[in-house]
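Basis for what follows: all heavy atoms, side chains included, without hydrogens, waters or symmetry-related copies.
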Amino acid sequence: MNQFMKHAIQLAINNVAHGGQPFGAVLVKDNEVIAEGVNELHIHFDVSGHAELLAIRRAQMQLQTNDLSDCTIYASGEPCAMCLTAMYFAGIKTVYYAASIDDAEKVGLGKSKMIYLDLAKERSDREIRMISMPNDQSVADPMKQWAEKHK
């Protein structure tokens, strides 16, 4: 196990000791830690306060970019669908994780697995109802405005 994974796991251990969940993440660029995070749901009452998302936010602010394609993330646990999606948007290409989603489920943290399984279903079969309501053109179309602006 390398130093960055050990660091992510130690962040998770410290977070558990302070009342948080067992998740820590370290974002690395050029073999240097750029940002880190732990799950802060218990502190800020923010369901998006996951370790990986916080590390990504901090790195983007520090580097003043949305493009983290030259970064690697080390996480104490396999990223949930929300964090993984943020990694796609940020361009991160490699994620190392210690505990799997199945490991998390075994200790009572099974929501990530449920979400992955739910996302694999057709929209009509998911837990959250997804109802399309297309713009009827009674208001301007922001997609068309964006397209015009970025021709």
### Message
Any side-chain to backbone donor/acceptor pair from Asn39 onto Gly24? Under 3.5 Å, distance only.
### Response
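No, Asn39 side chain to Gly24 backbone: no donor-acceptor pair under 3.5 Å.
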
### Query
Between the main-chain N or O of Ile115 and the side-chain N or O of Asp118, is there a donor-acceptor pair closer than 3.5 Å?
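Side chain of Asp118 to backbone of Ile115: no pair is present.
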
Greater than 12 external heavy atoms within 6.0 Å of [X]'s [atom1]:
| X | atom1 | result |
| --- | --- | --- |
| Lys121 | NZ | yes |
| Tyr116 | OH | yes |
| Arg123 | CZ | no |
| Tyr97 | OH | no |

### Query
Between Lys93 and Ser69, does a side-chain contact (heavy atoms from CB on, under 4.5 Å) hold up when you go through it step by step?
CA-CA 6 Å; Lys93 294 179 177 45; Ser69 59; 3.4 Å; yes

### Message
Is there a path of hydrophobic side-chain contacts, each under 4.5 Å between heavy atoms, that joins Leu41 and Val16?
### Response
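No: no chain of side-chain contacts under 4.5 Å links Leu41 to Val16.
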
Considering only heavy atoms from C-beta outward, does the side chain of [X] approach that of [Y] to under 4.5 Å?
| X | Y | value |
| --- | --- | --- |
| Lys113 | Leu117 | yes |
| Met114 | Glu127 | yes |
| Phe23 | Leu109 | yes |
| Leu27 | Ile92 | yes |
| Ile9 | Met1 | yes |
| Leu63 | Leu68 | yes |
| His42 | Gln21 | no |
| Ile73 | Cys83 | no |

### Task
Dump the intermediate steps for side-chain hydrogen bond (donor to acceptor under 3.5 Å, both in side chains) on Ser48 and Asp46, then the final yes or no.
CA-CA 5 Å; Ser48 71; Asp46 174 4; 2.7 Å; yes

### Message
Between Gln145 and Asp141, is there a side-chain donor-acceptor contact under 3.5 Å, judged purely by atom types and distance?
### Response
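Looking only at side-chain atoms, Gln145 and Asp141 do not form any donor-acceptor pair under 3.5 Å.
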
### Polar contact flag, side-chain donor to acceptor under 3.5 angstrom, Thr65-Asp67
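Not at all, the side chains of Thr65 and Asp67 share no donor-acceptor pair under 3.5 Å.
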
Considering all heavy atoms of both residues, which atom of [X] and which atom of [Y] are nearest to each other, and what is their separation?
| X | Y | result |
| --- | --- | --- |
| Ser76 | Ala8 | CB-O, 3.9 Å |
| Val95 | Pro79 | CG1-CG, 3.7 Å |
| Lys151 | Glu148 | NZ-OE2, 3.1 Å |
| Ala90 | Gln60 | CB-NE2, 3.9 Å |
| Ala25 | Ala55 | O-CB, 4.3 Å |
| Ala81 | Leu119 | CB-CD1, 3.7 Å |

What's the separation between atom [atom1] in [X] and atom [atom2] in [Y], rounded to the nearest 0.5 Å?
| X | Y | atom1 | atom2 | answer |
| --- | --- | --- | --- | --- |
| Leu53 | Arg58 | CG | CZ | 10.5 Å |
| Met82 | Met87 | CE | CE | 10.0 Å |
| Ser124 | Met130 | OG | CE | 11.0 Å |
| His50 | Cys80 | NE2 | SG | 5.0 Å |

Name the atoms and distances for all side-chain donor-acceptor pairs under 3.5 Å in residues 28-38, with sequence neighbours left out.
from	atom 1	to	atom 2	distance (Å)
Lys29	NZ	Asp70	OD2	3.3
Glu36	OE1	His7	NE2	2.6

### Query
Between Tyr96 and Tyr74, how do the two ring planes meet: parallel, tilted or perpendicular, split at 30° and 60°?
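Ring orientation of Tyr96 relative to Tyr74: parallel.
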
